[in-house]
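Since the structure comes first, as structure tokens, the remarks are kept for the end.
Just so you know, ligand 1 is whichever comes first in the structure, and atom 1 is the first atom listed for that ligand.
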Amino acid sequence: MYFAPLNDMEKLIDNLEILSSEGSENCEIMHVSAEKNSGSARKLYIESYGCQMNYSDSEIVASILEKEGFDTTSDPSKADIIFLNTCSIREKAEQTIRHRLIHINGFKKHNPDLLVGILGCMAERLKSKLMEEEKIVDLVAGPDAYRDLPKLILQVDEGEKAINTFLSRDETYADITPVRLNTNGVTAFISIMRGCDNMCSFCVVPFTRGRERSRDPHSIVIEARDLFDKGYREVTLLGQNVDSYKWTAEENNKARLEKTSGKEVIRFSDLLKMVAEINPDLRIRFSTSHPKDITDDVLHTMAQYENICKNIHLPMQSGSSRILELMNRGYTREWYIDKIRSVRNILGEDCGVSSDMITGFCSETEAEHHDTMTLMDLIQFDFAYMFSYSERPGTLAEKKLKDDIALDVKNRRLSEVIKKQREHSLMRNQRDVGKIYKVLIEGVSKRSHDDLQGRNSANKVVVFPRENYSKGQYVNVFVEDCSGGTLVGKVVK
Ligand code: SAM
Ligand code: SF4
């Protein structure tokens with residue numbers, strides 16, 4: 001197996017300005033393709049950066065190329081094709097890819113036939129400019145162009161550079177069964193929609209991933225059932241804004257769907273029920289919810305089914321209504337507080353709530369930064385991804401607002417937010433000491449081979465002695481101790 005040396009990995013995480021609690025396996029960590037040897041002549045190596053959607057997309061890419069006779073490898077030095085599935089969300093995410101290309105150039109020197117391709121958001125944003133700027137790149141494919149990869153590879157084999165950054169209005173890859181990469185065999189991601197129709201002023205996603213479209217719910221159920229039959233016990237339904245999932249048999253493009261009437265519409269709460277009813281032993285999670293769109297209907301559906309995990313990722317971004325308006329988020333501080341009140345009323349105090357926060361957005365004053373801190377105090381998130389604002393070309397903020405907060409101020413505010421979140425994560429975990437939680441075992445603990453780890457419904461990592469338990473089993477764990485990122489306990493009968 002190839003893993004980036006720990007120092008590199010730490011640097012990578014630092015570069016991405018991410019702070020996540022220990023034990024989280026969520027956003028921005030690099031994922032590498034797995035080793036699969038069926039004796040095929042050519043080997044594909046994929047690195048995925050950024051959000052879970054990208055990781056899920058890499059599994060679609062692997063599936064498309066497996067049908068074309070490619071094996072996957074976890075060692076770039078053995079690869080015939082190297083793909084980097086990229087993120088554009090912050091400038092540093094793009095810089096990380098450019099540094100990685102310098103490293104990959106070393107492989108190309110040893111193997112001049114090596115094909116290097118850039119996929120995902122950076123490919124979509126920079127298009128042919130990427131090839132002009134990075135001579136090592138042979139192929140560029142945007143998030144909606146993956147079906148075209150076999151043709152693009154052929155084009156490179158014939159000595160040309162290849163590019164497709166066409167954004168589709170209805171591509172959902174619904175019929176493609178992803179090849180699970182580096183899986184633990186217990187948990188898997190399922191993309192339920194693509195693109196985003198919100199225009200948050202800081203965000204590049206609507207430009208790199210195109211218009212919002214929802215995937216056929218029947219294909220989602222088939223994929224989830226198939227995973228369950230293969231031994232998986234948890235699926236995470238993915239979309240940029242799952243609460244706006246909307247599908248009819250006639251139309252999956254949200255903008256066009258708004259104009260049609262009288263059709264039977266499947267919404268997110270309907271989809272949740274459909275997946276929850278596959279089997280009570282299949283856990284369901286989802287990400288990301290949007291404060292302006294999440295409905296009580298979804299919260300009641302979560303309450304109704306034990307196997308829908310009681311955990312909501314509801315990015316707040318800022319605690320100031322003025323900044324939220326500048327961000328074009330479509331809600332105010334009071335609205336956000338109201339949504340959390342509904343979560344607590346319907347799902348109780350134990351429901352995990354996590355958030356994303358941005359510090360130093362255009363014109364943010366100290367008082368408005370303070371608003372973010374006081375809202376954090378009020379809500380006490382279990383977990384958060386925290387970022388300093390990074391201006392992205394082409395976004396509404398870049399066109400209309402001034403990126404006028406000095407970097408040292410953005411970073412100081414970021415460290416204050418991080419410090420507060422650390423305190424809250426610990427406090428929220430301390431509440432759990434002395435309680436019993438149902439835990440799905442995901443594997444051996446990262447810290448000790450004598451321990452196993454899994455997560456409870458609220459998405460908290462729980463570590464406990466291994467005994468005779470194994471991956472994929474549900475156990476009840478009595479929590480005896482905790483840190484800010486982990487609950488520690490023992491199994492009780
Ligand atoms: N769709 C999700 C939502 O609306 O909450 C999140 C999508 S985005 C991939 C993940 C997070 O990155 C955002 O919630 C935001 O906090 C952060 N982000 C996006 N653009 C950013 C920017 N230009 N600078 C800093 N952080 C940014
Ligand atoms: Fe970006 Fe906003 Fe869409 Fe999330 S909802 S992907 S932050 S535009």
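Considering only non-hydrogen atoms, atom 6 (S) of ligand 2 lies nearest to Gln240 out of Lys292, Gln240, Arg209, His290. With atom 8 (S) of ligand 1 as the reference point, the heavy atom nearest to it among Asp293, Ile89, Leu314 is part of Ile89.
Tested against Glu416 for a side chain to side chain contact (heavy atoms under 4.5 Å, CB included), the candidates Arg412, Lys420, Lys419 yield a single pass: Arg412.
Judged by the 6.0 Å distance and 45° axis criteria, Arg233 is positioned over the aromatic ring of Phe228.
Annotation for ligand 1: atoms under 4.0 Å from non-hydrogen atoms of Ser390 are 22 (C), 23 (N), 24 (N), 25 (C). Per-residue contacts place Arg329 under 4.0 angstrom from the following atoms of ligand 2 (heavy atoms of the residue considered): 2 (Fe), 7 (S). Of all atoms in ligand 2, numbered sequentially from 1 with element shown, those under 4.0 Å from a heavy atom of Cys196 are 3 (Fe), 5 (S), 6 (S), 8 (S). Of all the atoms in ligand 1, the ones that sit under 4.0 Å from a non-hydrogen atom of Arg392 are 23 (N).
If you look at Phe202 next to ligand 1, the close heavy atoms, those under 4.0 Å, come from the backbone and the side chain alike. Of the heavy atoms in Pro206, only side-chain atoms (C-beta onward) come closer than 4.0 Å to ligand 2. If you look at Gln317 next to ligand 1, the close heavy atoms, those under 4.0 Å, all belong to the side chain. Contacts between Asn198 and ligand 2 below 4.0 angstrom, taking non-hydrogen atoms only, involve backbone and side chain alike. Contacts with ligand 1 closer than 4.0 Å are made by side-chain heavy atoms of Pro315 only, the backbone lying farther away. When heavy-atom distances to ligand 2 are checked against a 4.0 Å cut-off, Cys200 comes that close through both its backbone and its side chain. Within the 4.0 Å heavy-atom criterion, the part of Arg329 lying near ligand 1 is the side chain and not the backbone.
A heavy-atom separation below 4.0 Å is not found between Gln52 and ligand 1. Residue contacts with ligand 1: Ser388 is included, with a non-hydrogen atom under 4.0 Å away.
Between Asp403 and Lys410 there is a salt bridge, since a side-chain N of the basic residue sits under 4.0 Å from a carboxylate O of the acidic one.
For the pair Met376/Val417, a side-chain contact is recorded, criterion being any heavy-atom separation below 4.5 Å from C-beta on.
Asn459 and His313 are not linked by any side-chain donor-acceptor pair at a separation below 3.5 angstrom, with hydrogens and angles left out of the test.
Closest to atom 1 (Fe) of ligand 2 among all protein heavy atoms lies Cys203 SG, 2.3 Å.
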request  = Take Tyr173 and Glu171, measure what side-chain hydrogen bond (donor to acceptor under 3.5 Å, both in side chains) needs, and give me the verdict at the end.
outcome  = CA-CA 6 Å; Tyr173 300 110; Glu171 177 63 272; 4.8 Å; no
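Under a 3.5 Å cut-off, the side chain of Arg333 and the backbone N or O of Asp371 do form a donor-acceptor pair.
Within the model, atoms CD1 of Ile82 and CD1 of Ile104 stand 5.0 Å from one another, a figure rounded to the nearest 0.5 Å.
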